[in-house]
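What follows is one structure encoded as structure tokens, with my remarks underneath.
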Amino acid sequence: QVQLVESGGDLVQPGGSLRLSCAASTGIFGFLAMGWYRQAPGKEREFVANRTNYADSVKGRFTISRDSAKNTVYLQMNSLKPDDTAVYYCNARDVLGLIYWGQGTQVTVSS
């Protein structure tokens, strides 16, 4: 059973930065795709970033990266805004087309 565990969420002031981590229980080289999504209160879950694409709302501020040796994917978030407040989820798709989700990590941007 593949498990994804996110961490790094916190309360941060507008303009601040956070780095989220997503640790996989198996080698990430086995996944066809990995990325990040988020869900704000009262809203649907939305795409944030993957290796080749970013949501328009985060372009230039967020950067996705990976460390295959640590089976971990990161999301560096800079210039955070209150609208970035959400639960952030890690997502992975394997070669069979199966999709996995982590449990989420809360990011709150507020002064």
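Computed from a prediction, not measured in an experiment: that's the story for all the values here.
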Check: Could you give all pairs that pass the ring-ring contact (aromatic ring centres under 6.0 Å, His included) test and reach residues 92-111, with sequence neighbours left out?
Finding: Tyr37-Trp101
Next item on the list: Check whether any side-chain heavy atom of Pro82 sits under 4.5 Å from a side-chain heavy atom of Pro14, and report yes or no.
Entry: yes
Next item on the list: Dump the intermediate steps for side-chain contact (heavy atoms from CB on, under 4.5 Å) on Asn53 and Phe47, then the final yes or no.
Entry: CA-CA 10 Å; Asn53 197 23; Phe47 168 78; 4.0 Å; yes
Notebook entry, point to check: Does any N or O in the side chain of Glu6 come within less than 3.5 Å of the main-chain N or O of Gln103, such that one atom is a donor and the other an acceptor?
Noted result: yes
Item checked: Contacts of type side chain to side chain donor-acceptor pair (under 3.5 Å), residue Thr108, not counting sequence neighbours -> Gln106
Check: Between atom CD1 of Ile64 and atom CE of Met77, what is the distance when rounded to the nearest 0.5 Å?
Finding: 12.0 Å
Note to self: Filter on side-chain hydrogen bond (donor to acceptor under 3.5 Å, both in side chains), then keep only pairs touching residues 10-28, sequence neighbours left out; what's left?
What the structure shows: Ser17-Asn78
Note to self: Tell me if a side-chain donor or acceptor on Thr85 pairs with a main-chain N or O of Asp83 at a distance below 3.5 Å.
What the structure shows: no
Notebook entry, point to check: Between CG of Leu96 and CG of Asp94, what distance do you get to the nearest 0.5 Å?
Noted result: 4.5 Å
Next item on the list: Would you please name every residue forming a side chain to side chain donor-acceptor pair (under 3.5 Å) with Ser7, sequence neighbours left out?
Entry: none
Item checked: Cluster check Met34, Leu98: I/L/V/M/F/W/Y, side chain < 4.5 angstrom -> yes
Note to self: So, applying side-chain contact (heavy atoms from CB on, under 4.5 Å) with Leu75, which one of Leu18, Val58, Val48 is it?
What the structure shows: Val48
Item checked: Side chain Ser79, main chain Gly15, donor-acceptor under 3.5 Å -> no
Next item on the list: Enter the distance from Arg66:CZ to Phe31:CZ here, rounded to the nearest 0.5 Å.
Entry: 9.5 Å
Item checked: Non-hydrogen side-chain atoms of Val73 and Trp36 separated by less than 4.5 Å -> yes
Note to self: Going by ring-ring contact (aromatic ring centres under 6.0 Å, His included), name the pairs with one or both residues in residues 51-88, residues two or more places apart or in two chains.
What the structure shows: none
Next item on the list: Please list, chain by chain and in numerical order, all residues satisfying side chain to side chain donor-acceptor pair (under 3.5 Å) with Arg61, sequence neighbours excluded.
Entry: Asp84
Check: Does some side-chain heavy atom of Thr105 sit less than 4.5 Å from a side-chain heavy atom of Tyr89?
Finding: no
Margin query: If I take atom CZ from residue Arg38 and atom CD from residue Glu44, how far apart are they, to the nearest 0.5 angstrom?
Written below: 14.0 Å
